[in-house]
Amino acid sequence: MSSARCKWKLGRIAFLLLAFLTGVAPRLRSYQQDGISRLSEARAFLSAGRFKEAEALVLQAISETGGSADDYELLGTIYDAGQHYQDAERAFLKSIQLNPDLPGPYIGLGVSCMNLGQPERAVKEFEEALQIAPRNLGAAVDLAIVSLGQKNYQRAIEYYKLAHTISPTDATVLFGLTKAYFASGDGNDALKTAEALSVIRSAGPPFHFSLGLLLARNSAFQHAAEEFEKTAQMGVVAPSLFLNLGLAYSQLGEYEKAKGAYFKAINLNPADSAPYVGMGANYLAEHQANYAVVWLMRAVQIHADDAQALYLLGTALMDGKYYITAQKYLRNYVILHPEDPKGWALLGDAYRNDKQFENALTCYQKTLALVPRLAAASYFVGYVGFLMNRYTDARSYLKHALQMDPSYLDASLMLGEIAYREGQDQEALACLLPILHAHPANSEVRYLAAKAYLRQGRVAAATTLLQDLTRGDPSNPAYHYLLAEAYQRRGDTSEAKRELAVYAATKQKQDFQRRVIRHSFVYPE
């Protein structure tokens, strides 16, 4: 069954069920009590889903009376409900033959045509029903549903508007109209219609919940949260409700409300990984990576193949500098989603930070193959080439990144670094000085320019840059070491000794922190 047919069928079933529950099912309502008890019983069997028993009673009535248009319409409805669509088609055609002025059999025949994969013929039957009865709610809604399935959104809107004039307080119609407006790109009218639906008294919890989902899918998270809250106020207690409420609040940045909703979802169903993922994502958004790791670890323990949990856990571990542990989960993620460039890029970052450059290069190359027009992908391939001292290849990728994005500062900086390492100080400064002019506060550019100045013997220029760097970041040992060299070159021995002492102290502290990070790579799970 095609996607369009599936969507139409689901929409049709939903409409009939809701219409039946609210007493407006057009075909069932159209049957006249004919005094034959077995037909009344057949309708009851149909409503209960006992299709074989309903069929037997109608066939018995037809055999005794010869059958009326209403009898064959009921028989077609039974066959349609039991998924015997060709039998339904024949029954509806017989009904039309007996009385061509009834809209119901045309609607039933249109339904059968849709289920047989004949949407254009279905449209003709629904339109015929509407010609006979211009204010037939069922025909108007069916035409709207078919139009939605065919992505003819303007036609769907027209038929839903017609249905709305027929039944102004019909929640099913307003929901369909909201959906059609969103599909057409008319967000304003969609929200207006959603608001009209939201205040209808007959709209029960299923409508508010479904409307919340529809609004969330279209990024109307504030309105979605309101619909989910209404559903909860009506007494619904379900993990899916509180999960979606949490997701809506997360999108709004209302993290405390989101956490409250996620906790309710967890209490109702602790075996579902989704609310744990939501909690972890919240903590990541709040820059609390360690808390995020705890929740995301739990999500992965519950569901080892939860791709979103794996990616977010890898992200949280990277933020906490647990690079080796991050590799484990990110490898699992790219196995599940080898087509996702961001997964390969993040795994490449994990390898690069752990100095596994060959593995990092492989990941970045896969990223570049997936998004060849992304400057960042080309840059990171070049960057790892630089770290591996493969300057020729690195320069090629860095230049390619700049061709795609001439403002890519890091690529220009890296080209300057390569030129410096190859002893081409003038070329290095040619790369660096324009960046320094545009970004005078960039510490990396100033540090590299200072090194080039110092090697050229331009001690005063180097000293000025390095003094600014140490004032701005006194904890960086590299700045103090190079400044000590600059003081030594200009003959200021006492200042040089002082800077070397600061260098030694900051270097010792930095080395200790790195050892802690390196030896705590297995996060306590």
Side-chain angles (χ1 to χ4, degrees), residues 5 8-9 11-13 15-17 19-20 23-146 159 162-163 166-167:
R5 285 172 58 199
W8 179 88
K9 187 175 180 183
R12 174 69 187 177
I13 291 171
F15 172 75
L16 286 176
L17 287 175
F20 177 79
V24 296
R27 284 189 288 163
L28 296 182
R29 186 180 54 201
S30 69
Y31 301 138
Q32 303 298 319
Q33 293 295 331
D34 54 12
I36 303 175
S37 62
R38 68 172 57 89
L39 292 181
S40 297
E41 190 177 358
R43 294 186 185 96
F45 281 141
L46 170 61
S47 299
R50 297 165 65 179
F51 306 132
K52 286 292 184 183
E53 293 151 295
E55 176 191 354
L57 287 172
V58 176
L59 288 175
Q60 185 179 355
I62 289 173
S63 68
E64 292 176 357
T65 65
S68 67
D70 285 345
D71 295 336
Y72 279 102
E73 182 184 354
L74 177 56
L75 182 61
T77 302
I78 293 167
Y79 284 139
D80 178 69
Q83 299 184 15
H84 299 290
Y85 304 127
Q86 290 180 331
D87 290 335
E89 179 185 15
R90 285 189 288 270
F92 287 128
L93 285 171
K94 181 66 175 177
S95 178
I96 291 169
Q97 180 184 354
L98 291 171
N99 188 347
D101 296 326
L102 292 176
Y106 293 98
I107 296 174
L109 181 56
V111 171
S112 297
C113 292
M114 278 301 302
N115 288 318
L116 290 168
Q118 303 168 11
E120 295 303 329
R121 183 183 168 201
V123 168
K124 291 179 181 178
E125 299 302 332
F126 295 143
E127 287 176 342
E128 186 68 32
L130 213 55
Q131 286 290 325
I132 295 169
R135 295 189 62 77
N136 185 287
L137 181 63
V141 170
D142 283 337
L143 282 165
I145 293 171
V146 175
Y159 283 119
L162 172 61
I166 297 168
S167 183

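These numbers come from a predicted model, not from an experiment.
Taking A129 as the reference, P103, Y106, I107, A139 meet the side-chain contact (heavy atoms from CB on, under 4.5 Å) condition, with sequence neighbours excluded.
Summarising the geometry, atom CD belonging to E73 is positioned 11.5 Å from atom CG belonging to D80; distances are rounded to the nearest 0.5 Å. Residue C113 holds its SG atom at 4.5 Å from CG of L109, rounded to the nearest 0.5 Å. Atom CD of E89 is separated from atom CD of Q118 by 6.0 Å, given to the nearest 0.5 angstrom. The line from CD of E127 to CG of D142 is 12.0 Å long, rounded to the nearest 0.5 Å. Put simply, OG1 on T65 and CG on L39 are 7.5 Å apart, with the number rounded to the nearest 0.5 Å. For the atom pair OH (Y72) and CG (L75), the distance works out to 7.5 Å, reported to the nearest 0.5 Å.
Minimum heavy-atom separation, P134 to I166: O-CD1, 4.4 Å. Shortest non-hydrogen contact noted between L74 and A42 is CD2-CB, 4.4 Å.
A 6.0 Å sphere centred on CD of E53 holds more than 12 heavy atoms belonging to other residues, nucleotides or ligands.
Side-chain contact, D71 with S68: a donor N or O sits under 3.5 Å from an acceptor N or O.
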Could you list the donor-acceptor pairs under 3.5 angstrom formed between side-chain atoms of residues 94-102 and any protein atom two or more places apart in sequence or on another chain?
{"residue": "S95", "atom": "OG", "partner": "A69", "partner atom": "O", "Å": "2.7"}
{"residue": "N99", "atom": "OD1", "partner": "D101", "partner atom": "N", "Å": "3.1"}

